[in-house]
Chemist: 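Before I ask anything, here is the structure I am working with.
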Amino acid sequence: MLRRLLTLLLTAAVVFAGVAAVHAQSLDPARRVPRLTFYTTTPQYDPGRYEAALLIQEAFRLLGVDVDVRPIDQPVITSISRSEPWDYDGFFLSWGSQPERLDPHHYVYTLFHSSNLGHLGENRQGFNDPVYDAIAEGAAVSLDPEQRRAYVFQAQEYLADNVVIIPLWFNHLTQAYNKNRLDNVVAQPGLGLFTYNSLTRLRITQGPNVLRVAQRQDIDHLNPLTVVQNTDRQILDLIYDFLGRLDGDEVVPSTAESWRVIDNLTVEVKIRQGLTFHDGKPVTAHDVKFTWDYGKQVGFGRADTHVQIVDRVDLVDDYTVVFHLKEPYGAFINAAFISVPILPKHIWETVENPTQWNNPNPIGSGPFSFGYWRRGEELRLNRFAGYYAPANVDGILQIVYANPDAIVGAMELGDVDLVVPQLTLEQEQLLKQNSHVAISYVQGSGWTYFAYNLRRQPFADLAFRKGMAHVIDTALITETILEDLATPAGPGQVVPPSAGYWYNPDVTRYEFDPDLARRILAEAGYQWDSAGRLYLPAQ
Amino acid sequence: MLAFMARRLLQAAVSLFVLLTIVFFMFRLLPANPVDAMVDAALGPEAIARLYAEFGLDQPLWQQYVLYLKNIITKGDFGMSFFFRQPAVDILADKIVNTLILAITALVVAYALGTLWGALLAWYRGSAFETAGITAALTFKAAPEFWVGMIFVMIFAYGLGWLPHSGMREPGYEETSVLLKYLNLDFLRHLILPATVAALGSIATPTLLMRNTMLEVMHEDFVELAKAKGLSTLRIIYLHAARNALLPVVTSLATNLGRAVGGMVLVEYVFSWPGLGREIVLAATRYDYPVAQAAFLMIAALVMLMNIVADLLYGYLDPRIVYK
């Protein structure tokens, strides 16, 4: 009995030693998953992204991977993530809410197509997949919505299946306004209250008929050819008019009266008659043609891709133009029409050095004309009565407050009617308690994400990414950081739900399941040492 | 005297040149550039290349440096702000008046009260009054200005509603003339809180300086004589003793004024005062090199200038000091 037990023990010991020996032999230190470096924003700049990075650091620990989280200035993350030699493992950034991002082109094509892989290109994570390229190209070139949607849906599924990027949450736009003074307040999905739609429709029920809005950062300048900051763009969108405008989730004619897609490369646009610029000169097809010709020649800042895609603009008559595209561009109406402001030809054709000019007194044809700008203090816009759908308020006064507490204070005291910057959870709860304050909640068109370097190990390996996806609980992360002020996203969910028509709800979702994560890794040949540290599969 | 001036000015010019060079390269060695600071723009390589060319960032570093120096020396041109598309000097000029008004008001108040206060503290040396007085002055110096500012805003703006919490004027004000922009009650009302907070933050320096020099003066024979003559205490303190203790205080006012121009950041932040400090922080955080460089250069020049002024004031106030 004792001998049998002893034999058993001995056998077990021998077997165990053998296994351990094999184990130790195969665990080549060179295969050990290195300590990873993730860059995130400083907690002062954005507490959300900082906390998300720490939570994801914990998640990687479940897999036996150590992570260094480095909080640095946002511009440095931008620089590291898109510049050669792409020396990072992961980073946390965010896409903000922009009108043209309700169209899927940016999220499906620009961010993941292999043509944007190079230095300063937006395919920062280095996703290089010919199968995906074909899908993204299909989505990019099709002007037929249904056909395009099929490609966009397929793209979302492919990105989710391949865990190419992890959007953590879809940002909401949480903005406060004075409900005692404002009426008919309707937020534009994806963009919130400080947009063309809301501002032209809302009414002031008592007190002076001027809308006072609180802004955190002042504008820089108002030259539509060079503007890149969102604060500037929001003001330009009110001063200038566009061929089309977003209304809900569709693009409706504005400066244009109607448009007709002739074929994949040709679009005819009829211009609305009777429109004038703020200086009284009429808006005609000549101005539209000039805008594209001029933009192609001198460059058009943020809207550059939307003007460069056009080969030429033919003038049919004073109120009709035909756009000829260089190549098919599915986003032409949805993105280009709403982001290229129509410039008055009579003003810009005499400007020397247009990209060095600060355009101190912008003349457009939008619903509000420029009043004055006192830098660092306030900006005033006036209602333009000559607009085809004039606003209800007499004007907008944008007041700059240097710190978030002052904005909350101004709202509480009734010094302002609308708070433009996104409220934090803390501010939202503070402001909610005031009887005159209402909060507008609407989905944004951007998302905050965790991206990783697909150019090198371990993220180059799909099995690793799938394993990781099962330990990153985006729902829990979102709830912990933002409660209900954001919608949880997940791997590959790059089109925001606010984009309605283009949003594919049926993509692979990865449940939080550490055991499954380890099983996926083990099946792919990953191993752990006695301290629980992860090793890459042998080649 | 003239030789002294010439030497000091030459020294200042050399220092400024060295500073300019250091600042120029320091900003460009940072791991990001103004285009990276354009948040959330997704411009693409072609548009970025065009921006680099517009900003002159596509040139080799030494060429940028030579061009920068050349423009300053030949044209007095400090470059265009990348973000505002206006000359960097104009950007700073816009804001410097606002900051100077705030800084001068605060310093004048701090030095006027601090001097009187310090003289009194010295006279009553060793008493509980002195201990309490010094503690009060040091408390405001030690407390962060933004914290004191927030407390003041809570009490006087949100709580009592006496004064506005932010800005320089009532939003939507009528702009009449440049002078009337500053000479009106509305502006004054907005100035009170930030100026008070800034004054409290800097009151400790004149107070303690005055107290220390007064302690020395108090034992001089002429003070004893004044006492023997039976003059009132206040008369002895302020008309006889204090005048002889003022020298270091006056010169420290000059040097502090030089520093205050860029150092009002926290007060400007809390009270949304559109000042130079905030402008400089913004320029530095988003790599707007021309504005940041011009700002640092201007602050340095001002500090150096005020130091020279302080040196000259010494000679004027105390004839025993001779310049060689």
Side-chain angles (χ1 to χ4, degrees), chain A residues 72-76 78-80 82-83 93-96 98 106 110-111 116 118-122 208 210 212 217-218 220-221 223 226 228-230 299-302 304-305 308 355-359 372 374-378 380 397 399-403 405-406 409-410 412-413 415-416 446, chain B residues 30-54 80-86 91 94-95 98 146 150 153-154 157-158 161 164-173 175 181 268-275 278-279 282 285-288:
Chain A
I72 47 171
D73 275 349
Q74 212 258 359
V76 181
T78 302
S79 173
I80 294 173
R82 71 180 179 195
S83 313
L93 281 177
S94 183
W95 291 111
Q98 307 276 347
H106 171 74
T110 311
L111 301 190
N116 296 323
H119 180 61
L120 300 178
E122 284 303 336
V210 174
R212 299 160 305 167
Q217 201 186 335
D218 201 1
D220 289 334
H221 70 281
N223 180 344
T226 51
V228 287
Q229 304 279 84
N230 204 29
F300 216 121
R302 288 188 90 123
D304 204 44
T305 37
Q308 303 299 350
T355 56
Q356 294 289 326
W357 191 43
N358 67 343
N359 194 20
Y372 60 79
R374 296 168 185 154
R375 206 161 62 81
E377 293 183 71
E378 57 190 46
R380 168 74 196 232
L397 187 66
I399 307 158
V400 177
Y401 293 92
N403 66 79
D405 301 326
E412 284 185 331
L413 291 176
D415 290 349
V416 293
Chain B
L30 292 173
N33 63 44
V35 180
D36 297 323
M38 293 170 178
V39 179
D40 194 24
L43 295 168
E46 293 86 18
I48 291 176
R50 203 176 299 126
L51 277 172
Y52 281 161
E54 270 173 32
M80 291 276 278
S81 159
F82 298 151
F83 290 86
F84 296 111
R85 310 274 164 160
Q86 282 181 61
I91 295 297
D94 269 3
K95 300 284 179 82
N98 301 342
F146 64 86
M150 272 152 51
V153 166
M154 274 172 63
Y158 299 143
H165 60 94
S166 292
M168 218 163 57
R169 296 177 192 94
E170 211 48 46
Y173 62 95
E175 195 171 282
K181 254 171 84 178
E268 285 170 10
Y269 176 80
V270 173
F271 293 97
S272 302
W273 192 263
R278 271 168 60 203
E279 197 71 66
L282 182 67
T285 49
R286 58 184 189 177
Y287 308 85
D288 198 347

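Remember, predicted model here, so these are calculated numbers, not experimental data. The sequence lines fix the lettering, A, B, ..., with proteins before strands; numbering per chain opens at 1.
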Chemist: Can you say whether A/Phe300 sits under 4.5 Å from chain B via the side chain, the backbone, both, or neither, judging by heavy atoms?
Modeler: backbone

Chemist: Taking B/Ala47's backbone N and O only, do any of them form a donor-acceptor pair with A/Asp304's side chain (distance below 3.5 Å, no angle check)?
Modeler: no

Chemist: Counting only non-hydrogen atoms closer than 4.5 Å, does B/Glu279 touch chain A with its backbone (N, CA, C, O), its side chain (CB onward), both, or neither?
Modeler: side chain

Chemist: Identify which part of A/Asp73 has an atom lying under 4.5 Å from any heavy atom of chain B, answering side chain, backbone, both or neither.
Modeler: side chain

Chemist: Please look at B/Val35 and chain A and tell me whether the side chain, the backbone, both or neither of the residue comes under 4.5 angstrom of a heavy atom of that chain.
Modeler: both

Chemist: Any donor-acceptor pair under 3.5 Å linking the side chain of B/Glu54 with the backbone of A/Gln356?
Modeler: no

Chemist: Need one label for A/Asp415: side chain, backbone, both or neither, based on atoms under 4.5 Å from any heavy atom in chain B.
Modeler: side chain

Chemist: Can you tell me which portion of A/Glu412 sits under 4.5 Å from chain B's heavy atoms? Options are side chain, backbone, both or neither.
Modeler: neither

Chemist: Under 4.0 Å between a side-chain nitrogen and a carboxylate oxygen: does that hold for B/Arg286 and A/Asp220?
Modeler: yes

Chemist: Need one label for A/Arg212: side chain, backbone, both or neither, based on atoms under 4.5 Å from any heavy atom in chain B.
Modeler: neither

Chemist: Checking side-chain contact (heavy atoms from CB on, under 4.5 Å) between A/Ile399 and each of B/Pro171, B/Ser272, B/Ser166, which is the one that passes?
Modeler: B/Pro171

Chemist: For A/Ser83, is it the side chain, the backbone, both or neither that has a heavy atom under 4.5 Å from a heavy atom of chain B?
Modeler: neither

